[in-house]
Amino acid sequence: MKINEIWAYVSEDEKGEEGICGFNDPRTNQWVPMICADEERLKSLKPFAHQIAVVTKRKVKIVKFHTREDLGELV
């Protein structure tokens with residue numbers, strides 16, 4: 001699979017500024033950004049995004065990015 005589009009759950013604060021949502025994975029105790037490259041993963045993250053919206057009382061949007069530009073390679 002080649003990644004040509006990604007989705008992100010984005011939270012907006014009272015000033016209209018945005019940030020990528022994330023959650024702490026209890027299995028690894030690491031923060032996981034809520035970005036995905038397939039619709040199945042997008043659906044699996046939706047309950048987490050809803051919980052973030054409820055707890056923070058902020059709007060959470062699903063944003064799709066679909067313009068790809070390869071900027072370089074690290075070998």
What pairs with Lys2 under side-chain contact (heavy atoms from CB on, under 4.5 Å), at least two apart in sequence or on another chain? Asn4, Arg68
Minimal heavy-atom distance between Ile35 and Ile6, with the atoms involved, is CG2-CD1, 4.0 Å
Does atom CD (Gln51) have a neighbourhood of more than 12 heavy atoms from anything else shown, all under 6.0 Å? no
Does a side-chain heavy-atom distance below 4.5 Å link Asp13 with Arg58? yes
Approximate separation, where rounding is to 0.5 Å, of Ser44 OG and Glu39 CD: 12.0 Å
Are Val32 and Val63 grouped together when hydrophobic residues (ILVMFWY) are joined by side-chain heavy atoms under 4.5 angstrom apart? no
To check you understand the geometry: which heavy-atom pair defines the closest contact between Phe23 and Trp31, and what is its length? C-CE3, 3.2 Å
With clusters defined by side-chain heavy atoms of hydrophobic residues (ILVMFWY) lying less than 4.5 Å apart, directly or transitively, does Phe48 cluster with Val55? no
Within the supplied structure, the quantity of interest is the number of heavy atoms (other residues, nucleotides, ligands) at a distance under 6.0 Å from Glu40 CD; does it exceed 12? no
Under the salt bridge (charged side-chain N to carboxylate O under 4.0 Å, His left out) rule, what pairs show up with a residue in residues 18-38, not counting sequence neighbours? Glu18-Lys61, Asp25-Arg27
Tell me, with the steps shown, if Met34 and Ile52 meet side chain to side chain contact (heavy atoms under 4.5 Å, CB included). CA-CA 11 Å; Met34 296 177 66; Ile52 289 168; 3.6 Å; yes
Value rounded to 0.5 Å, distance of CD in Glu12 from SG in Cys21: 11.0 Å
Just wondering, do Val10 and Ile20 contact through their side chains at under 4.5 Å, heavy atoms? yes
Listed partners of Ile62 passing side-chain contact (heavy atoms from CB on, under 4.5 Å), at least two apart: Trp7, Tyr9, Leu42
